[in-house]
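Have a look at the structure below, then the notes.
For the numbers below, each heavy atom of this structure counts, side chains included, while hydrogens, waters and symmetry mates do not. Numbering of residues begins at 1 and proceeds along the displayed sequence.
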Amino acid sequence: MSGEASAPAVSPRAPRPGTQKASGTVTKKGDRGAKEKPVTVLPPVGEEEPKNPEEYQCTGVLETDFAELCTRSGYTDFPKVVTRPRRPHPTFVPSASTSEKTPLDDPQLSGSCSLNSLESKYAFFRPTIQVEMEPEDKAVKEMYIRGWKVEERILGIFSKCLPPLSQLQAINFWKVGLTDKTLTALVSLLPLCSSTLRKVSLEGNPLPEQSYHKLMALDTRIAHLSLRNNNIDDHGAQLLGQALSTLHSHNRTLVSLNLGFNHIGDEGAGYIADGLRLNRSLLWLSLAHNRIQDNGALKLAEVLRPFELTHTEVVERRRLLLEKGTQERSRSPSSSRHGDSKADREKIQPIGASNVALVDKADKMQTMKTPKGLGKKKEKSGEVVKKEEKSGSGQSPTQGTPKKEDSTKSGKGKVTVPEQKPSKGKGPKTGSREKGSILLESELVAEAMEMVNPLLEPVEHRDGKVFMPGNKVLLHLNLLRNHITEVGLQGFLTAVQYQAQFSKAKSASKGPVGLLSLSLEKNCFSPQCAAYTMIQELMLPRDPISKAKPREEEASSS
């Protein structure tokens, strides 16, 4: 009975409150679920935060874009973008004023004011991204980072906020703790930037693998590269020399290279000299404050005067000449193509039988190319070559370098500014400085005109050997504070004497003129030695700076 009574008592109560509680719990759980859904969604939103920088559309204002991308990437404390101060310590003046006022106030305030003045004095050393602006449209022109580590994550942010900067011309990284991995990321970032970016400075960033040569790849647009104080040794110099030129590749964009304050010795200087053999774009090279002695100096001086081609270079030159000859015949008019093609083919077959006939035929093919700018007076293969050279345009073998030489020699950089406007819409602003306009003009010429392979330059045949006229495109060579003695000076004296005679013979026509500035001070020789005195006498009338000083003195006296 009690079991029966208790059963119906439980049975009617169980379903009613169960149904009510079930319905109530369902609704309450639904309400809680509706409220808790955003909470459960928050973690994936947090995970998607790193993807937000890709969705962010940069405005072209570096300060705004960099701050927004850093915030979306999870950075809480990141460097600020500030305008680069023109004075070394612009914050010193307000700090001095506060320190003068503090004695008049309470002593408790004087401690805080002194702390503020101390912070303001050292604000210059806080991690910042300093930028230089264009005076007209306030666009970022140069970017400077110094004294704080640039990680790969920061470079990823730069890859998004730097490409919209249409006026960016230079990036300077000074002691930012680069690694070989972050350098590779930087190299991949540079092509994304504007075409106006021409200068990169990586100073105080020693790398274990010394992979700086990646910045001098054939597809790069960098024209000015500074690698000072990076502990570059002979191995790094070998990689850089191969990046300048090899038998099958030639860097055509780099105009200036600064390798000062490194550990390059004679072997490394030889690698750099090998890179200058077939390079026809580098105008300015600094090897100051290194460990170069006489052997390295002699190798560098040897490239500046006629040097003998190696066997592999001679074979490659013959191949290029034959290839040029076949291209010229294929471009000839159709009327002569039918009549002369068979005769030419019959002539080509016996050429491969003997090397002498091959050289003669190659020289004849070279005369077909001389009207386009391969003329040299020192070709001795026949009188026909000299006639072709005289009737030619008179340009240098590199075609892009004559204007570099002429513009540097004359010093009239303003002439190059209007030439930049049609080809580079955003480049002329760099032409306000004379030196910058000269280098940019030379780059435009090199890009506009097809550069001829240096192996196709006219050569001289002596005793069965082939000699090239030497590198006359390099204008400035700095070997300050090395370990060169009078033995190395004799090599440079011979090179300078040859270039002086060559420039006199070529003074009427356009073309490379050789070194205009050679710095050999602070080495292991007496400044009064005969060789050094003769070098100075020969270089003085060629140096454009020494020419400009008397004019300035005359103008000031008048």
Side-chain angles (χ1 to χ4, degrees), residues 62 79 84 127-132 140-159 161-163 165 168-194 196-244 251 253-264 268 271-272 275 281-290 436 439 443 478:
L62 182 60
R84 192 184 188 205
T128 56
I129 300 176
Q130 299 181 359
V131 295
E132 283 191 7
V140 176
K141 181 175 64 174
E142 295 192 28
M143 185 176 72
Y144 299 84
I145 296 179
R146 178 184 61 185
W148 56 276
K149 188 173 183 179
V150 175
E151 301 175 351
E152 191 172 3
R153 195 174 180 185
I154 290 289
L155 291 174
I157 295 176
F158 283 155
S159 65
C161 61
L162 294 187
L165 304 179
L168 184 62
Q169 301 172 13
I171 294 178
N172 302 273
F173 284 176
W174 299 333
K175 295 185 179 181
V176 296
L178 285 181
T179 62
D180 293 285
K181 186 177 181 180
T182 52
L183 178 64
T184 304
L186 176 63
V187 171
S188 61
L189 159 65
L190 296 178
L192 304 177
C193 298
S194 173
T196 57
L197 179 60
R198 296 288 185 174
K199 178 182 177 182
V200 174
S201 177
L202 302 179
E203 301 183 2
N205 295 282
L207 301 180
E209 299 180 5
Q210 304 189 41
S211 53
Y212 307 100
H213 62 282
K214 295 180 180 179
L215 295 164
M216 299 165 54
L218 297 179
D219 57 346
T220 184
R221 295 192 302 263
I222 298 176
H224 312 285
L225 180 61
S226 180
L227 299 173
R228 296 194 310 169
N229 197 20
N230 285 331
N231 297 338
I232 299 176
D233 55 13
D234 293 338
H235 173 65
Q238 180 182 9
L239 299 176
L240 293 173
Q242 293 173 355
L244 285 175
N251 184 285
T253 57
L254 195 65
V255 177
S256 66
L257 177 61
N258 194 339
L259 298 176
F261 294 90
N262 283 291
H263 302 159
I264 301 175
Y271 292 129
I272 299 295
S281 65
L282 192 67
L283 305 180
W284 193 94
L285 174 63
S286 176
L287 292 168
H289 293 265
N290 277 278
L439 296 177
E443 297 158 19
N478 187 357

Glu142 and Tyr144: CA distance, side-chain angles, deciding distance, side-chain contact (heavy atoms from CB on, under 4.5 Å) verdict: CA-CA 7 Å; Glu142 295 192 28; Tyr144 299 84; 2.4 Å; yes
Value rounded to 0.5 Å, distance of CH2 in Trp174 from CD in Gln130: 8.0 Å
Test item: Leu162 and Leu189 side chains (from C-beta on) under 4.5 Å apart, heavy atoms: yes
Side-chain heavy-atom pair Leu225, Ser256 within 4.5 angstrom cut-off: no
Test item: Asn262 side-chain N/O and Asn231 main-chain N/O as donor-acceptor pair under 3.5 Å: yes
Test side-chain contact (heavy atoms from CB on, under 4.5 Å) applied to Gln242 and His213, step by step: CA-CA 8 Å; Gln242 293 173 355; His213 62 282; over 6 Å; no
Over all atoms of both residues, closest heavy-atom pair of Tyr212 and Leu207: OH-N, 3.0 Å
Shortest non-hydrogen separation from Pro163 to Leu192 and the atoms involved: CB-O, 3.3 Å
Glu151 to Thr182 - nearest heavy-atom pair and separation: C-CG2, 4.4 Å
Expected output: side-chain Thr196 to main-chain Gln169 donor-acceptor under 3.5 Å: no
Any Leu240 side-chain heavy atom under 4.5 Å of Leu259 side chain: yes
Polar side-chain atom of Ser194 near backbone of Leu168 as donor-acceptor pair, under 3.5 Å: no
Side chain proximity check, Leu202 to Leu183, heavy atoms < 4.5 angstrom: yes
Whether Asn258 side chain and Leu227 backbone form a donor-acceptor pair below 3.5 Å: no
Contact summary for Leu215 and Val187, nearest pair of heavy atoms: CD2-CG2, 3.7 Å
Asn205 side chain to Val176 backbone, donor-acceptor under 3.5 Å: yes
Between NE2 on residue His263 and NE2 on residue His289, distance to nearest 0.5 Å: 12.5 Å
Residue pair Ile232 / Gln210, side-chain heavy-atom distance below 4.5 Å: yes
Atom of Ile272, atom of Ala237 and distance for their closest heavy-atom approach: CD1-O, 3.7 Å
Separation of Leu254 CG from Ser281 OG (nearest 0.5 Å): 6.0 Å
CG-CD distance between Leu178 and Glu152, expressed to the nearest 0.5 angstrom: 11.5 Å
Donor-acceptor under 3.5 Å (Ser188 side chain, Ala185 main chain): yes
Distance-minimising heavy-atom pair for Asn251 and Ala243: CB-O, 3.5 Å
Residue pairs passing the salt bridge (Lys or Arg N to Asp or Glu O under 4.0 Å) test where at least one lies in residues 209-220, sequence neighbours excluded: none
Check: Trp148 side chain, Thr128 main-chain N or O, donor-acceptor pair, under 3.5 Å: yes
Where at least one partner belongs to residues 230-243, residue pairs that pass salt bridge (Lys or Arg N to Asp or Glu O under 4.0 Å), sequence neighbours excluded: none
CA sep, side-chain torsions, deciding dist, call: Ile222, Thr253, side-chain contact (heavy atoms from CB on, under 4.5 Å): CA-CA 6 Å; Ile222 298 176; Thr253 57; 5.8 Å; no
Side-chain donor-acceptor pair present, Ser226, Glu203, cut-off under 3.5 Å: yes
Donor-acceptor pair, side chain of Arg198 and main chain of His224, under 3.5 angstrom: no
Note, Leu165 side chain near Leu197 side chain (heavy atom, < 4.5 Å): no
Minimum side-chain heavy-atom gap Ser201-Phe173 below 4.5 Å: no
Test item: Asn172 and Lys199 side chains (from C-beta on) under 4.5 Å apart, heavy atoms: yes
